[in-house]
Number of protein chains: 2
Amino acid sequence: MDVTRVEVERAAERIAGYVRRTPVIEAEPGVFLKLEYLQHAGSFKPRGAFNRILTAREAGVPPASGVIAASGGNHGLAVAYAARTLGVRAEIFVPEVTAPVKVAGLRELGAEVNQTGAVYSDAFAASLKRAAETGALDVHAYDQPEVVAGQGTLGLELREQIPGLDTVLIAVGGGGLVAGVAAALGDTAEVVAVEPERIPTLAHALTAGRPVDVEVGGVAADALGATRLGSIAHRLLAEERVARVRSVLVSDEEITEARRELWRSFRIAVEPAGAAAYAALLAGGRRPGERVAVVLCGANTDPADLVVRGE
Amino acid sequence: MDVTRVEVERAAERIAGYVRRTPVIEAEPGVFLKLEYLQHAGSFKPRGAFNRILTAREAGVPPASGVIAASGGNHGLAVAYAARTLGVRAEIFVPEVTAPVKVAGLRELGAEVNQTGAVYSDAFAASLKRAAETGALDVHAYDQPEVVAGQGTLGLELREQIPGLDTVLIAVGGGGLVAGVAAALGDTAEVVAVEPERIPTLAHALTAGRPVDVEVGGVAADALGATRLGSIAHRLLAEERVARVRSVLVSDEEITEARRELWRSFRIAVEPAGAAAYAALLAGGRRPGERVAVVLCGANTDPADLVVRGE
């Protein structure tokens, strides 16, 4: 299965009723905020998780042993949520260092949590081994066609919600969302792929001509901390060039300030990754008359630091 | 000027372009959340403030000496915001005990802040005296026809956004919003007027047959803390009965839990007053097939207590 606009449209039919069609508000004339943080489980990730699981079910291989994922963050929450909704078992693998509050959040959604290994890649390897043993369906955080197609359904909504859309700003981690949206939009809009300066997986892949490992750090590492761009994202964005894609980097300071500004002006509380695209808008501006969508992609955050006392 | 649906429609034309048309999301089949906390200045209040000021301007009496209001809360922020947008001066009167962070918030919006008197009624009296001296336009928090008509524009949006709407749940303080929405909806939907048990201005007015003073306390007092129902709200809701209105009380515990649930399930951070209507839905449920709108009316809150650690 390749990820084309047709695949994204099929995904949209498949997951309708399971995910929220999140609203858009016009923040100022021509600037539209896509409130995807209102999605189930607090980020866009259930789109891909539902599409992966429902595709398997349609193909006649319902995951009898349930589903498996490796993630202590948004992806883990999304897979746990989707599994609970669909009545299948979820096993989520996380590294031993994962914060207790994250483990508790996964368990609250009914998932079985396995804390294994020192770092994420250990937990990921353990999850694949376990899936091979049990026959459970592994749901990757970004590098499976069904996952990318599922995330792309957000792009179809943007096309419907914003007539005359010129540009979409999206944060990039492993590239599942940006690749899916690019497939959905094709040449109808420019896609601005926004990355923290400290996690430039796409920027470095474009320079190197292939996905390469980057060092991961900074305020958005919990949600955009993939060490390299996914192979599907690379194929769609760099090789097939399914859409006009521009790579932009933002600093941690710009992300933090954008997050505060979203709270100040809109009472929107997002995580740093969810504010990265807005940071790029604030830094880069836009052309006269340009119609821009800014995807606010997640809000799994502690909002305690949003009020700057005495400000 | 009386407050009829026609007046609300005129208000909508007048304030279009100055206020946000806030989105609605379908939380579950038949339950719609009106995200009015995304409004400018963090609550529905700018609707009424803009309508009051723009009506005066249309009538040929532009407020040369600016506008005046008494409020350290949502109303004060809204008047300051509207005045700044329209390029007029704003003087906001607050009691001496008002928290420095609230005074700073008003000044950040360009308002001149006068701290006068021990309690709100002192500040209110001082604001009227000052308005009489300077000729500034006083903008009441809820008991002026232009203010009520402005708040009612939210009801027009609900009618357009939710076909087949049966019921609207709205929090009540002085009654400006609920009265305006009732005028906008007429007999097309039932209006459930939700009050904290500790501030039952409408419930007591309905019992007494006239607005009466109530004691004010509890978690929502900062935004719903009017000591008695406004006379316009009483006339529309109790005497003219412009809509089917049902009075419902919720406890502080129910409000606090509803506020936490909005964060857990939707990553929506509202103030206690903004969660009161949702508390009533959680407590009272709904009839099979009933289509309900829940107005989330404000988010001027410190979100620090939304994450229950170790939950």
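So that the names make sense, note that chain A is the first sequence line, chain B the second, and so on, each numbered from 1.
Within residues 160-173 of chain A, no residue has any heavy atom less than 4.5 Å from a heavy atom of chain B. Taking 4.5 Å as the heavy-atom cut-off, the residues of residues 26-36 of chain A that approach chain B are A:Ala27, A:Leu35, ordered by number.
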Show the atom names and distances, to 0.1 Å, of all donor-acceptor pairs under 3.5 Å that link a side chain in residues 73-80 of chain B to residues at least two apart or in another chain.
from	atom 1	to	atom 2	distance (Å)
B:Asn74	OD1	B:Asn300	ND2	2.5
B:Asn74	ND2	B:Glu271	OE2	2.9
B:His75	NE2	B:Val139	O	2.8
B:His75	NE2	B:Ala141	N	3.4

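When atom types are taken as modelled, the side chain of A:Arg267 and the backbone of B:Ala299 share a donor-acceptor pair closer than 3.5 angstrom.
By the side chain to side chain contact (heavy atoms under 4.5 Å, CB included) test, A:Arg107 is found to be paired with A:Val103, A:Val113, residues two or more places apart in sequence or in another chain being considered.
Expressed to the nearest 0.5 Å, how far CZ of A:Phe266 lies from CD of B:Gln39 amounts to 11.0 Å.
Both the backbone and the side chain of B:Leu38 come within less than 4.5 Å of a heavy atom in chain A.
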